[in-house]
Structures are given as C-alpha cells and as structure tokens.
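A quick write-up on the structure given underneath.
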Amino acid sequence: MATAGVDVDAPGPARTLKRLALVTDAWHPQTNGVVNTLSRLVKYLESDGAEVLVVTSDGHRTVPMPLYDEIRLVCDPWKAIRRICDFRPDAIHIATEGPLGLCTRIFLARTRRRFTTSFHTRFPEYIRARLPVPLTLGYGAERWFHHRAVNTMVGTLSLIEELQRRRIGARLVHWPRGVDDDLFQPEKRRESVYACPRPIWLYVGRVSVEKSLESFLGLDLPGTKVVVGDGPAREGLQRLFPDVVWRGWRYGEDLAAHFASADAFVFPSRTETFGNVILEAMASGLPVASVPAPGPMDLVFDGGNGALGDDLRSACLRALKCSKRAARETALRYTWRASHERFRSYLVPV
C-alpha cells in the first residue's frame, strides 16, 4: 500500500537546486491546466536562479494523437536521453506518461537514477472514454509508471486517497496548485462581455469527451450557457446545442473579464485531478457548481463558495445563491509561490 506524505520537507535540493530536467509530453502550443502549471513552475524556478531543461517534443518527429489531433506524440523519444545526460541535472522530474515520460522512466530505472513524477491526468478514464479499454488495465500501467519514483506529486488530498486505494505510487505527496489572484478578480467584471440573458453559466476548459460537457449543456437552466475553450468535441456539441454561446480560447485580461462577468461557474467533469479553472473562477468571485469528484471536492464547500451534487442542475441553482466573497477567499489561500516551493521541496538528488 502506498503511503501519502503531506506537508513533508523532503531531503534533497529543496534550497540548493541548480539544474532540473523536467520531462513533459504536454507543452506549448497545447492549452490546458498541465501546460499552464508547468510553464509557471519553470518561470519561477528560473527567476530564483535554477537552470531548467524542459524536455518536450521540440526537435522530435511527432504524429497527432489518435482522436485528439492537437496533442502530438513523439516518435523518437530515446533521443531525449542524450540531452538529459549532457545536461547533468541535480534532479529529474517526469510530469507526464507520454512517450517522452515513458522512455525517460525506463532509462532512469535501468540506470538506478532517482527521480520524481506527478499525477496530472486520469489517462485510464480518458482512454476508456474513447476506446473499450478496461480501467484496470489503465491503472495497472499507471501503477508500473509511478512505482519507481521516489515521490509522486498529486494535486488534491481526495485524489491521494483514491490513488492509495489503487496502490499507485511508492510515496504520494500533496502538491496543490495556485492562482493568479491579481489577474483573476471580481473587479474585472464588465457587463458588455455578455450581451445575452442572465444569469450567465460559464464553463472554461477543453471541449472533449472526458469533460462530460453534455451533462451541463443539456440542463434546463434560466439565462445563458457560455463555453470558453475549444477541442475535438466542439463541432459536434455546437450542432447539438445551438443556443450555447461558444467563445473559443481566451487569454489574459480577456479571459479574466469572461470569468468575472459571469454569474456562476459550472464544472461537470468527473476526471479531474485538480481543476485550475475552479480556482480562477473563485478568484474572480464566481461560486462554483460541480459534480462531486476529486479536485472539486477539495475546493468547493457546499453552500459556502458553491454547490456539489450528482444532480448538476440542482447544484447550479444552489450555487447561484452562494457567496462571491467566500469564493474569492477560498482562492486566496492558494498562491503560486507556495505551490512552487512545495514542488521544489519534493525533488530528490539524481
């Protein structure tokens, strides 16, 4: 059985880290929570004097991921090993289970080098949503991938408990994310952003099958449903739900205005490991309606900053009456600096 460490000051290069190799199959130009989290992390570490080698698909031959063209899979991941060795890192972190992560994990295990991993994405559920692959097979692969890591970093305590039950990871540690509360704040509200009937029910994120958007878009709710984001399921959903307002991807101040100008944030996904957009919504003063899943369960307090429930329509109507101040106060407890420092404390010397 895995044992979860929470708020542990791990030994290693917590304060003396000079060179980190970060291996990730998820990187720009992809737009998702994993890429945003890792990008901020790299900027922070570099600003604090560390040198970071980000091992991505750049410079490799790639092919589109089946059923998800915006994600590119590396065809020659072994070429990254020489770059890592030449870099001579103090610590190595594998962020994803794609070809680069798998190849690096095999190499490090065979050469008895120490490394850390993180659990960002529920790949077993993502695969099962597209192909008839049993969850037991997917989680067996996850168990193999993480069991040689010294620390496996997980975004929420509820997900740690679930992964413990599935016997994933030799040592699970809590690595919560943060939010830019200067960018996302209630003062960015502009009535002109939505020229449509209120209340505005907002979803922000990828538009893909595992996000369970149909369970939100099909609800009988007053006002207007708005989707900010894009993905492989958008074309089909847009045909099914012509009354929904589709805004595509938005960034920076424009995204902040879309958050703050809505009335409630709706999060129907059951496959999240954290839910960065939930924090961004709360920082913007939006109460959140969500199904009870790891991630939302750690952030949403029913009747306070939002509402949880398997009946998503009921949760939406209850969330609309919740406190915008409570939502904002929840978000302010999660800073990027604290998140980045905790990440660094869990790294281990190679």
Side-chain angles (χ1 to χ4, degrees), residues 1-27 34 38 41-42 45-46 49-60 73-121 123-124 137-155 160 163-164 166-175 273 340-350:
M1 176 66 72
T3 56
V6 181
D7 294 325
V8 173
D9 292 326
R15 295 295 175 188
T16 60
L17 173 69
K18 295 300 181 184
R19 301 168 72 83
L20 169 68
L22 175 65
V23 182
T24 176
D25 296 86
W27 198 246
V34 178
L38 297 178
L41 174 67
V42 169
L45 294 174
E46 290 179 339
E51 186 175 354
V52 183
L53 170 67
V54 185
V55 180
T56 71
S57 61
D58 289 350
H60 290 267
L73 300 179
V74 170
C75 301
D76 49 3
W78 56 88
K79 291 184 177 179
I81 302 303
R82 175 51 55 193
R83 291 177 60 205
I84 295 172
C85 292
D86 290 346
F87 182 65
R88 299 179 64 84
D90 301 320
I92 300 174
H93 181 77
I94 305 175
T96 58
E97 300 93 325
L100 286 170
L102 289 170
C103 186
T104 304
R105 182 253 184 247
I106 292 171
F107 168 75
L108 296 176
R110 286 181 176 176
T111 56
R112 299 184 181 277
R113 287 173 166 86
R114 302 167 83 224
F115 62 97
T116 56
T117 59
S118 46
F119 191 95
H120 288 282
T121 306
F123 282 117
L137 184 62
Y139 276 106
E142 291 284 1
R143 194 173 299 120
W144 171 86
F145 181 82
H146 292 286
H147 88 278
R148 291 295 296 268
V150 177
N151 292 319
T152 295
M153 306 185 199
V154 184
I160 283 179
L163 296 180
Q164 282 183 311
R166 296 184 182 275
R167 298 181 291 110
I168 292 174
R171 183 170 182 269
L172 304 176
V173 294
H174 186 209
W175 178 35
T273 58
H340 298 153
E341 284 299 316
R342 182 168 291 199
F343 171 88
R344 179 153 52 181
S345 76
Y346 290 139
L347 296 174
V348 297
V350 173

Open item on the list: Before you tell me yes or no, could you show the steps for L20 and E46 under side chain to side chain contact (heavy atoms under 4.5 Å, CB included), namely the whole-Å CA-CA distance, both residues' side-chain angles and the distance that decides it to 0.1 Å?
Closed with: CA-CA 10 Å; L20 169 68; E46 290 179 339; over 6 Å; no
TODO: Show your working on side chain to side chain contact (heavy atoms under 4.5 Å, CB included) between V173 and T116 and close with a plain yes or no.
DONE: CA-CA 11 Å; V173 294; T116 56; over 6 Å; no
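Remark: R171 CZ to T152 OG1 distance equals 10.0 Å, nearest 0.5 Å.
Contacts of R148 classified as side chain to side chain donor-acceptor pair (under 3.5 Å), with partners at least two apart in sequence or in another chain: none. Residues satisfying the side chain to side chain donor-acceptor pair (under 3.5 Å) test with T104, not counting sequence neighbours, are none. Taking H340 as the reference, Y44, W336 meet the ring pair (Phe, Tyr, Trp, His ring centres under 6.0 Å) condition, with sequence neighbours excluded. Every side chain to side chain donor-acceptor pair (under 3.5 Å) that R113 has, sequence neighbours left out, goes to T111. Under the side-chain contact (heavy atoms from CB on, under 4.5 Å) criterion, T56 pairs with T24, W27, V54, D58, sequence neighbours left out. Every residue two or more places apart in sequence or in another chain that forms a side chain to side chain donor-acceptor pair (under 3.5 Å) with E51 is listed here: R19. Residues meeting the salt bridge (charged side-chain N to carboxylate O under 4.0 Å, His left out) test with R82, sequence neighbours left out: D86. In this view, P124 and L135, Y139, E142 satisfy the side-chain contact (heavy atoms from CB on, under 4.5 Å) rule, not counting sequence neighbours. Every residue was checked against the ring pair (Phe, Tyr, Trp, His ring centres under 6.0 Å) condition with F115, not counting sequence neighbours, and none meets it. Residues that satisfy the side-chain contact (heavy atoms from CB on, under 4.5 Å) test with W144, not counting sequence neighbours, are L102, R105, I106, H147.
A pairwise comparison of heavy atoms in V154 and L163 identifies CG2-CD1, 3.9 Å as the closest pair. Residues E97 and D25 share a closest heavy-atom pair of C-OD1, 4.5 Å.
Note: F343 and W175 have tilted aromatic rings, judged against thresholds of 30 and 60 degrees for the angle between ring planes.
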